**Student:** 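Got a structure for you, written out below as C-alpha cells; questions coming shortly.
Order of the sequence lines sets the chain letters (A, B, ...), proteins ahead of strands, with each chain counted from 1. Keep in mind the model is a prediction, meaning the values are calculated, not measured.
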Amino acid sequence: MRLLLIHSDYINYKTKSKTKIAEDIEDKKKQMHFENSLVVFTAVEEKDEENPEEVVENAKKEIIKVFSQVGADNIVIYPYAHLSSSLSSPDAAKNILQAMKENLIAEGFEVERVPFGWYKSFEISCKGHPLSELSRNIQVEKVKHEKLEDEPSKFHILTEGKLYDPKTFKYESSDLKKLVDYELGNLESTGEEPPHVKIMREKDLADYEPAADVGHLRWYPKGRLIRDLLADYVYNLVTERGAMPVETPIMYDLDNDAIRVHAEKFGERQYRMGTKNKKLMLRYACCFGAFSILSDTFLTWKNLPLAIYELSTYSFRLEKRGEVVGLKRLRGFTMPDMHTICADVKQSMQEFDNQIDMCAQTGEDLNINYEAIMRVTADFMEENKEWVLQSADKIGKPVLLEILPKRKHYWICKMDFAAIDYLGRPIENPTIQIDVESGERFSITYMGSDEVELTPIIIHCSPTGSIERVIGSLLEKTAIKSSEIPPMFPVWLSPTQVRILPIAERHLDFALRLAQEFKSEKIRVDVDDRQETVGKKIRTAAGDWVPYVLVVGDKELVSDQIMVNIRKTQEKLLMDKETLFDRIRKETNDMPFRGLPLPLRLSGRVQF
RNA sequence: GCCUCAGUGGCUCAGCCGGUAGAGCGAUGCCUUGGUAAGGCAUAGGUCGGGGGUUCGAAUCCCCCCUGAGGCUCCA
C-alpha cells in the first residue's frame, strides 16, 4: 500500500461522474469540506490482498504516528490510484479502505473516507511545514503458511557412495565442516567484516557508488580489468564446450503470463519499473531472455542437448538492505548463465554430470577451494539413487547431500559450490539446476524422433557463479593465506604483472625500452618513474601486489641479467628477460590476456 | 525490513562529561639522483554524513533521515 500524507489547512472535493467501479454513496458525500485535516491519499496494491488485516493494521499505526506529530484535527482517507503501478482489485481496495476507516474510528479518531471509484475534483491547501508532506510504503509480511507445513530436509554427508550423519562424520576438510555448520544453522558468528570489502577499496578495484542504489558498485580500471578477464575466461570455457553466446534485454514485460509467474517466484526481491502503459521488471537472471529465444526457436531432438550462454551485465535483485555486503551480496551483479535444453530427464542427468566437471574445473583454474552441496527431491533420489551417489562422487571428496521431502522450487536436482570466506562463511559460487517447470511455462518445445512435439528439461548453470563473488572469493583467500604467502592475485589476473623500477633518472630510457619488450610479449608491464627512492618504489609495488618487480640501474645497462623480485616466493633472482618471459608464459598458461588499462608510467596515474 | 554499532581533510584515525577542529599517510612545491618495505623541508586541504532541536555557544547533548558494518532471514 502506498500512502501520501498531506497536512492541510483545508481540503474539499466534489464528485463529478461515476466510473465502472464506483461505490454507491449518500448525497451528502458527493461534496464535502474538511479543515486542519491529515489527508491520506491511498493506493491499495496487489500484494496487499495477500494479507489485508496486516496492511490495515500497519497503515493505521503509520497514520496515527504522523497524526500525533502534526497536530491535525481529523483524518481524511482519499483513494488515489496514481500512487502505484500495481493496484489491487477494486473490491479489495474498497474493503481495505473501509477497514482502515473503522479501525481508526475505533481508536477514537475523527475519520472520513472519500468515495471510491468516482471522478472527483478536489482542492487542497498544504500547510508546508516539514512534516506536512510525507509518503509511506506500507509492507505486509508474506503469509508463511507454506513454511509452517514444510517438512524439514534431511542432510547427509556423501562420500564414496555411502551416506553418513553430518553430526558424527569425521571431517578432514575444515571448509566442509564450516559449510555444514552454516547449512544446518550451527555457525557461531564473529561479528567481523569480511576482509575483501576493505581490500577491494584499498586496491582501487571497486567501491560503493553513493549516487546509485545500495548494492551497486563502481569499478575502477584494475577491477574492470579483472572482471573482463574473468568474463573472457568463462566465455572460452563454455564456448569450447559448445554453448552459443547470446545477449538479451535486462527488462521484461509483466503482462506476459509466463514471465509474471516466473517473476513471482522471486516475490519482493525485484526491481519493478514502468512506462506509461507497461509494467516492467528488471531481470534477476538471464532465464527470461534465454527462454524467450528458445521458445521462438524451432528445435528437434537432433539438436539436443543445446546450450546458450549469456553473461548478465547486470542482473538485479532487490536484496534486503542488511543483506547487501561488499562483493558477496549485491543488488546489481554480473552472472555467467548457461541454459541447456535437454530432451528428457535422462539426458539432463548426463549433461549435469558434464557440468559438474566444468564447475569443478573452474575451481582448479581459479585456484579456489569449493565445497559442494547436492540437493535433490525425495522422489528424484528414490528413482535415481545410484546416479546421485555417482555424480556426487565426481567431486572427489565428501559432499553435503540435502534431500527435500517435496519439490518446492522449479528444480528437482541441483548442485551448489561454495568457497569459504575468512570468517568461515560460505560464498555460494557455481551452481547447476535441473529445471522441470520452465519448459512448459515458457512454451519451449522440440520435435521428437516420432514427429511429436515434446517439452524439454532445462538445466541452469553458472560455471563460476557471479563474477563479483569470484573476485570476492579470491580476495578472501588472500586474507586467509596471508600468513603463508604474501597476498596477491594469480599472475593472469594481476593488473600489473611486471613493474620496472629505474634507480635514477638516467635509467628511465632503458626501463621504458625494456617495458616495450615485455609489452610485445603480451605481459602487462609498467614503469615506476616517480622521483622516489628505490625503497619507496619497492614498497609501493608490494602494496600493488605486483608479482615481478625489476630493478634497473647502472649494472643492468651493461648486462643481460636483471634483478627480479618475485613476490610469491620472496626471492631476489638474477635472470635474463627471456627466462622471465617463459616463466610468466608458463604461469599464465592458456588463460585470457588483456592489456594494461592504465598509463605505463606511474607518474601519470590518478588515485581513485 | 527488524535489532546492535559506526560516520571528523582523498585515506586511516584522535578529539566527544559543550567553549576558535588535530595527527599520520597521500597530494602539491623545493632540496636530494638514491641499489630493495616510508629521504628531508615547506604548503594546501574539513559546513565534523544531512536536517531539525536544546543552549549565550554543539563535532560533542536530544530527535528524524541518509550511508556503512555485524546479526536475523534469504540467495548467485
Side-chain angles (χ1 to χ4, degrees), chain A residues 58 65 69 129-131 134 137-142 144 147 185 187-194 197-198 201-202 204 207-215 266-269 284-286 312 314-337 409 414 416-419 423 425-433 460-470 472-473 486 501-508 528 531-544 549-556 563-565 567 570 572 606-608:
Chain A
N58 291 352
K65 195 169 149 198
Q69 283 173 334
H129 62 75
L131 289 174
L134 296 169
N137 193 359
I138 307 296
Q139 303 282 359
V140 285
E141 290 280 320
K142 265 229 149 94
K144 287 184 177 167
K147 262 257 153 85
L187 195 73
E188 74 281 15
S189 72
T190 58
E192 288 172 84
E193 172 186 15
V197 181
K198 204 173 168 191
R201 307 168 84 166
E202 259 174 25
D204 278 349
D207 206 342
Y208 298 115
E209 173 51 72
D213 189 18
V214 174
F266 222 67
E268 293 301 308
R269 291 174 184 256
Y284 54 81
C286 293
S312 73
Y314 281 90
S315 286
F316 301 90
R317 299 189 183 183
L318 197 55
E319 305 290 7
K320 293 187 215 160
R321 297 244 354 226
E323 293 169 342
V324 176
V325 165
L327 296 168
K328 217 175 152 176
R329 196 77 173 273
L330 291 159
R331 284 185 174 176
F333 62 97
T334 304
M335 192 172 58
D337 207 349
H409 306 286
K414 77 186 286 209
D416 296 322
F417 297 73
L423 302 173
R425 294 172 304 196
I427 305 179
E428 284 174 31
N429 276 343
T431 181
I432 317 168
Q433 302 160 3
H460 305 243
C461 174
S462 184
T464 58
S466 86
I467 299 294
E468 290 81 3
R469 282 190 177 176
V470 171
S473 305
L501 309 190
I503 289 174
E505 230 171 76
R506 64 178 178 282
H507 309 120
L508 181 58
D528 192 345
Q531 305 285 307
E532 296 290 351
T533 58
V534 174
K536 184 75 170 282
K537 291 179 184 181
I538 288 281
R539 187 183 160 87
T540 305
D544 289 345
V549 180
L550 279 47
V551 179
V552 300
D554 291 335
K555 288 180 218 161
E556 285 72 15
M563 186 60 87
V564 181
N565 295 251
R567 180 169 179 79
Q570 298 283 277
K572 267 183 279 182
V606 293
Q607 269 199 317
F608 291 104

**Student:** Run the side-chain contact (heavy atoms from CB on, under 4.5 Å) test against Lys555(A) and tell me which residues pass, sequence neighbours left out.
**Tutor:**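 With sequence neighbours excluded, Lys555(A) shows a side-chain contact (heavy atoms from CB on, under 4.5 Å) to no residue whatsoever.
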
**Student:** Regarding Val606(A), tell me which of base, sugar-phosphate or nothing describes its non-hydrogen contacts under 4.0 Å with the strands shown.
**Tutor:**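 Val606(A): no heavy atom of the nucleic acid under 4.0 Å.
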
**Student:** So what does Gly535(A) hit on the nucleic acid, given a heavy-atom distance under 4.0 Å: a base, only sugar-phosphate, or nothing?
**Tutor:**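 Contact class for Gly535(A): sugar-phosphate only.
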
**Student:** When the C1' atoms of rC48(B) and rG10(B) are compared, how many Å lie between them, rounded to an integer?
**Tutor:**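 Rounded to whole Å, the distance is 16 Å.
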
**Student:** If I pick the C1' atom on rG19(B) and the same atom on rC65(B), what distance separates them, to the nearest angstrom?
**Tutor:**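 To the nearest whole Å, 29 Å.
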
**Student:** What pairs with His507(A) under ring-ring contact (aromatic ring centres under 6.0 Å, His included), at least two apart in sequence or on another chain?
**Tutor:**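 None.
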
**Student:** How would you summarise protein contacts on nucleotides 23-31 of chain B per nucleotide, using B for base, S for sugar-phosphate only and - for none, with heavy-atom distances below 4.0 Å?
**Tutor:** ---S-----

**Student:** Using the C1' atoms only, state how far rU60(B) lies from rU20(B), rounded to an integer number of Å.
**Tutor:**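 Comparing C1' positions in rU20(B) and rU60(B) gives a spacing of 15 Å.
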
**Student:** Report the residues that fulfil ring-ring contact (aromatic ring centres under 6.0 Å, His included) with Phe333(A), sequence neighbours left out, ordered by chain and then residue number.
**Tutor:**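 By the ring-ring contact (aromatic ring centres under 6.0 Å, His included) rule, Phe333(A) matches no residue at all.
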
**Student:** Does a side-chain N or O of Tyr208(A) approach OP1 or OP2 of rG7(B) to a distance below 4.0 Å, or not?
**Tutor:**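 So the side-chain polar atoms of Tyr208(A) never come under 4.0 Å of the phosphate oxygens OP1 or OP2 of rG7(B).
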
**Student:** Would you indicate which nucleotide in rG35(B), rC75(B), rU73(B) comes nearest to any side-chain atom of Glu319(A)?
**Tutor:**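 Per side-chain heavy atoms of Glu319(A), the pick is rC75(B).
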
**Student:** What does Asp554(A) touch in the nucleic acid at a heavy-atom separation under 4.0 angstrom: a base, only the sugar-phosphate, or nothing?
**Tutor:**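 Counting heavy atoms under 4.0 Å across all strands, the contact made by Asp554(A) includes a base.
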
**Student:** How far, in whole Å, is rA69(B) from rG49(B) if one measures between their C1' atoms?
**Tutor:**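 Per the computed distance, 15 Å lies between those C1' atoms.
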
**Student:** Give one of base, sugar-phosphate or nothing for Ser462(A), where a contact means two heavy atoms less than 4.0 Å apart.
**Tutor:**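 Answer is nothing: Ser462(A) stays at 4.0 Å or more from every strand.
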
**Student:** Distance alone, cut at 3.5 Å: any donor-acceptor contact between the side chains of Thr431(A) and Asp416(A)?
**Tutor:**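 The answer is yes; a qualifying pair exists.
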
**Student:** Give a yes or no on whether the backbone of Tyr284(A) and the side-chain of Arg317(A) come within a donor-acceptor separation of less than 3.5 Å.
**Tutor:**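 The answer is yes, because a donor-acceptor pair under 3.5 Å joins these two groups.
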
**Student:** When you compare rG7(B) with rU47(B), how far apart are their C1' atoms, in angstrom units rounded to a whole number?
**Tutor:**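 One C1' to the other, the span is 16 Å.
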
**Student:** Between the main-chain N or O of Glu319(A) and the side-chain N or O of Arg331(A), is there a donor-acceptor pair closer than 3.5 Å?
**Tutor:**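 It does hold such a pair.
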
**Student:** Let's see if you can work this out: which of rU33(B), rA76(B), rU36(B) has an atom nearest to the side-chain heavy atoms of Arg506(A)?
**Tutor:**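 Between rU33(B), rA76(B), rU36(B), the one nearest the side chain of Arg506(A) would be rU33(B).
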
**Student:** Among the nucleotides rG71(B), rG70(B), rC75(B), which one has an atom lying closest to any side-chain atom of Arg469(A)?
**Tutor:**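 Minimum distance to the Arg469(A) side chain belongs to rC75(B).
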
**Student:** Nearest to the side chain of Val197(A) - rA69(B), rU36(B), rG34(B)?
**Tutor:**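 From the listed options, rA69(B) comes nearest.
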
**Student:** With nearest nucleotides of RNA chain B determined for Ile427(A) and Gln69(A) from heavy-atom distances, which residue corresponds to the more 5′ nucleotide?
**Tutor:**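 So the residue in question is Gln69(A).
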
**Student:** Given the structure, check if the side chain of Arg321(A) and the base of rC2(B) hold any donor-acceptor pair shorter than 3.5 Å.
**Tutor:**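 Per atom types, no contact qualifies.
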
**Student:** Between rC75(B), rG35(B), rG1(B), which one does the side chain of Glu556(A) approach most closely?
**Tutor:**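 Among the listed nucleotides, the one closest to the side chain of Glu556(A) is rG35(B).
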
**Student:** If I pick the C1' atom on rG45(B) and the same atom on rA27(B), what distance separates them, to the nearest angstrom?
**Tutor:**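 9 Å, rounded to whole Å.
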
**Student:** Could you measure between the two C1' atoms, the one in rC62(B) and the one in rG26(B), and give it in whole Å?
**Tutor:**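 After rounding to an integer number of Å, I get 37 Å for this pair.
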
**Student:** RNA chain B: Ser466(A) or Pro486(A), which has the more 5' nearest nucleotide?
**Tutor:**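 Here Pro486(A) is the residue nearer the 5' end.
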
**Student:** Which nucleotide wins on minimum distance to the side chain of Glu323(A), given the candidates rU36(B), rA38(B), rC72(B)?
**Tutor:**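 Looking only at heavy atoms from C-beta outward on Glu323(A), the closest nucleotide is rC72(B).
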
**Student:** Would you mind classifying the nucleic acid contact of Leu501(A) as base, sugar-phosphate or nothing, using non-hydrogen atoms under 4.0 angstrom?
**Tutor:**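 Counting heavy atoms under 4.0 Å across all strands, no contact is made by Leu501(A).
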
**Student:** Just compare rU33(B), rU67(B), rG70(B) and give me whichever is closest to any side-chain atom of Glu505(A).
**Tutor:**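 My answer, after comparing the listed nucleotides, is rU33(B).
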
**Student:** With sequence neighbours left out, write down each residue that passes side-chain contact (heavy atoms from CB on, under 4.5 Å) with Val564(A), or none if nothing qualifies.
**Tutor:**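 Partners of Val564(A) by the side-chain contact (heavy atoms from CB on, under 4.5 Å) criterion, ordered by chain and then number, come out as Tyr548(A), Leu550(A), Ile566(A), Met575(A), Leu580(A).
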
**Student:** Name the closest nucleotide to the Lys320(A) side chain, picking from rG1(B), rG35(B), rC75(B).
**Tutor:**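 Of the candidates, rG1(B) comes closest.
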
**Student:** With a 4.0 Å cutoff (strictly under), does any side-chain N or O of Thr533(A) reach OP1 or OP2 of rG39(B)?
**Tutor:**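 For rG39(B), OP1/OP2 do have a side-chain N/O of Thr533(A) under 4.0 Å.
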
**Student:** Students often get this wrong, so: under 4.0 angstrom with heavy atoms, is Val325(A) touching a base, only sugar-phosphate, or nothing?
**Tutor:**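 Sugar-phosphate, backbone atoms only, no base.
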
**Student:** Closer than 4.0 angstrom, basic N to acidic O: yes or no for Arg539(A) and Glu532(A)?
**Tutor:**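 No.
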
**Student:** Tell me, please, which residues at least two apart from Ser473(A) pass side-chain contact (heavy atoms from CB on, under 4.5 Å).
**Tutor:**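 Once residues adjacent in sequence are excluded, the partners of Ser473(A) under the side-chain contact (heavy atoms from CB on, under 4.5 Å) criterion are Ile368(A), Ala419(A), Ile427(A), Asn429(A).
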
**Student:** Roughly how many Å apart are rA21(B) and rC25(B), using the P atom of each and rounding to a whole number?
**Tutor:**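 Those two atoms are separated by 24 Å.
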
